[in-house]
Amino acid sequence: MANVANAQEVTMAENEKPRWSIAIHGGAGTMSRDRMTDEIQEEYKAALQTALDAGAKVLADGGTSLDAVQAAIIILEDDPHFNAGRGAVFTYKGVNEHDAAIMDGRDRSAGASTGTTQVKNPILLARSVMVDSPHVFLSRQGAEVFAREQNIELVDPDYFATPRRWKQLEELKAKKLGWFDVDLKYGTVGAVAVDSDGNIAAGTSTGGLTGKRWGRVGDSPIIGAGTYADNRACAVSATGAGEYFIRAGVAHEICARMRMLGESAEVAAQAVIAEVGELGGSGGVIVAAPDGTTAFVMNTPGMYRGRADSSGVSEVAIFDDE
Ligand code: ASP
């Protein structure tokens with residue numbers, strides 16, 4: 001696995017700054033061209049484009065970055081290609097347990113939930129935790145009691161289960177490799193956006209890692225690790241081996257570097273993903289700065305991703321060299 005972070009950044013001259021922009025990801029991992037047919041690549045790209053278009057439409061219509069992030073993530077949660085919502089990975093016990101977080105860069109209000117098994121769209125629960133509760137982070141049954149009280153849609157847990165993810169759990173158990181899958185089953189989803197008022201937001205949603213046990217929580221719902229937004233600096237959504245992203249405080253660290261060292265989104269993200277690599281972790285981040293700049297940085301061979309902005313950019317990619 002590559003240890004050098006790969007990065008792409010869209011930076012524009014002052015007079016060309018986009019009025020709004022959005023970037024999304026659908027997970028990072030060891031995807032390679034020889035293990036993926038052209039047809040499957042096209043399927044993923046179409047799925048990413050649909051989510052990107054939904055988020056971009058909110059922004060083009062003058063909507064907020066929070067609504068754009070939410071719109072893109074709901075589509076990815078509903079799509080079984082990704083490890084979030086329907087199509088999430090299984091725990092060791094064969095359950096789909098979801099984590100999600102959302103953050104508003106205007107005032108750093110945030111909401112997150114972990115270990116839910118019935119909430120159809122965990123990103124909606126995270127948003128409701130942010131807006132309708134005095135708390136930031138709710139877990140497991142308590143989070144579901146709250147979801148019910150807020151009339152957030154609950155579904156039978158079977159709704160989330162797919163044969164492909166079940167097979168991945170069986171393979172993991174057969175290999176007896178360890179506590180959970182270190183070869184990421186890519187598919188965590190996230191979005192970062194800047195709206196035409198210059199407000200930024202970030203969101204992330206995941207089933208976590210295949211074979212997770214003991215109520216394991218990854219970085220995705222942890223504010224400052226997998227998700228962060230601060231109008232003074234940036235919005236970040238991460239994907240990768242969560243334990244390392246928690247230890248490096250990835251999302252907050254990138255924002256702190258941008259705010260205090262004046263680094264660009266790409267430079268800050270490169271430095272922090274390099275630290276994750278030094279610790280032994282792999283994955284990637286998407287970053288949006290208030291000026292509309294977006295960056296993708298990963299130390300894996302690929303990350304499902306896309307970006308769009310008001311200048312007409314609208315693109316999706318899978319491999320690190322794209
Ligand atoms: N970061 C997620 C977790 O550790 C997994 C992923 O991004 O694939 O739960």
Side-chain angles (χ1 to χ4, degrees), residues 1 23-31 44 48 73 76-77 79-85 87-92 95-102 112-117 122-123 126 137 139-140 160 164-165 168-169 172 178-192 202-228 236-254 269 272-273 276-277 279-287 296-305 318:
M1 187 163 297
I24 62 169
H25 72 78
T30 52
M31 54 274 273
Y44 275 94
L48 289 166
I73 290 180
L76 297 168
E77 286 179 336
D79 188 324
H81 285 94
F82 301 97
N83 172 20
V89 299
F90 284 95
T91 65
Y92 200 81
V95 179
N96 303 112
E97 289 184 359
H98 308 269
D99 298 341
I102 197 162
S113 62
T114 181
T116 58
T117 58
I123 198 69
F137 200 0
S139 70
R140 307 180 84 81
F160 301 109
R164 181 170 74 110
R165 297 301 190 189
Q168 289 173 348
L169 176 64
L172 177 93
W179 306 121
F180 52 60
D181 194 3
V182 284
D183 180 20
L184 301 172
K185 289 293 179 263
Y186 26 88
T188 288
V189 308
V192 292
T204 312
S205 182
T206 187
L209 295 184
T210 301
K212 64 184 182 179
R213 311 199 223 188
W214 309 308
R216 179 261 184 193
V217 183
D219 60 314
S220 311
I222 297 180
I223 299 303
T227 307
Y228 203 74
V236 180
S237 173
T239 173
E243 281 65 15
Y244 299 94
F245 283 69
I246 295 171
R247 288 165 56 196
V250 165
H252 184 270
E253 184 85 350
I254 292 171
V272 177
I273 290 299
V276 168
L279 296 174
S282 59
V285 287
I286 55 174
V287 188
F296 299 118
V297 176
M298 70 208 89
N299 67 358
T300 49
M303 176 164 72
Y304 296 117
R305 61 197 186 279
I318 300 176

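Each ligand, and each atom within it, is numbered from 1 in the order the structure gives. Worth saying up front: this structure is predicted, and the values here are computed from it rather than measured.
- Looking at Met303, Arg216, Glu243, Lys212, it is Arg216 that brings a heavy atom closest to atom 9 (O) of ligand 1.
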Test side chain to side chain contact (heavy atoms under 4.5 Å, CB included) applied to Ile223 and Tyr228, step by step: CA-CA 6 Å; Ile223 299 303; Tyr228 203 74; 3.9 Å; yes
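- Note on ring orientation: taking the six-membered ring where Trp is involved, the planes of Phe82 and Tyr44 are perpendicular (angle over 60°, cut-offs 30° and 60°).
- Results of the side-chain contact (heavy atoms from CB on, under 4.5 Å) test with Asp99 over Val217, Thr227, Thr116, Ile222 single out Val217 as the only residue that passes.
- Using modelled atom types, one finds no donor on one side chain facing an acceptor on the other under 3.5 Å when comparing Ser282 with Thr300.
- Using a 4.0 angstrom heavy-atom cutoff, Gly27 does not count as in contact with ligand 1.
- When each atom of ligand 1 is checked for a heavy atom of Thr239 under 4.0 Å away, the hits are 6 (C), 7 (O), 8 (O).
- Residue contact check: Thr188 has heavy atoms under 4.0 Å from atoms 2 (C), 5 (C), 6 (C), 7 (O), 8 (O) of ligand 1.
- Of all the heavy atoms of Ser220, the ones lying under 4.0 Å from any atom of ligand 1 belong exclusively to the side chain.
- The closest donor-acceptor contact from the side chain of Asn83 to the backbone of Gly208 lies under 3.5 Å.
- Shown in contact with Asp219 at under 4.0 Å from a heavy atom are these atoms of ligand 1, numbered in order with element: 1 (N), 2 (C), 3 (C), 4 (O).
- In the vicinity of Gly242, heavy-atom distances shorter than 4.0 Å reach the ligand 1 atoms 4 (O).
- Listed by atom number, the atoms of ligand 1 under 4.0 Å from Gly240 heavy atoms are 1 (N), 2 (C), 3 (C), 4 (O), 5 (C), 6 (C), 7 (O).
- We find that Arg216 and Glu243 are joined by a salt bridge, their nearest charged nitrogen and carboxylate oxygen being less than 4.0 Å apart.
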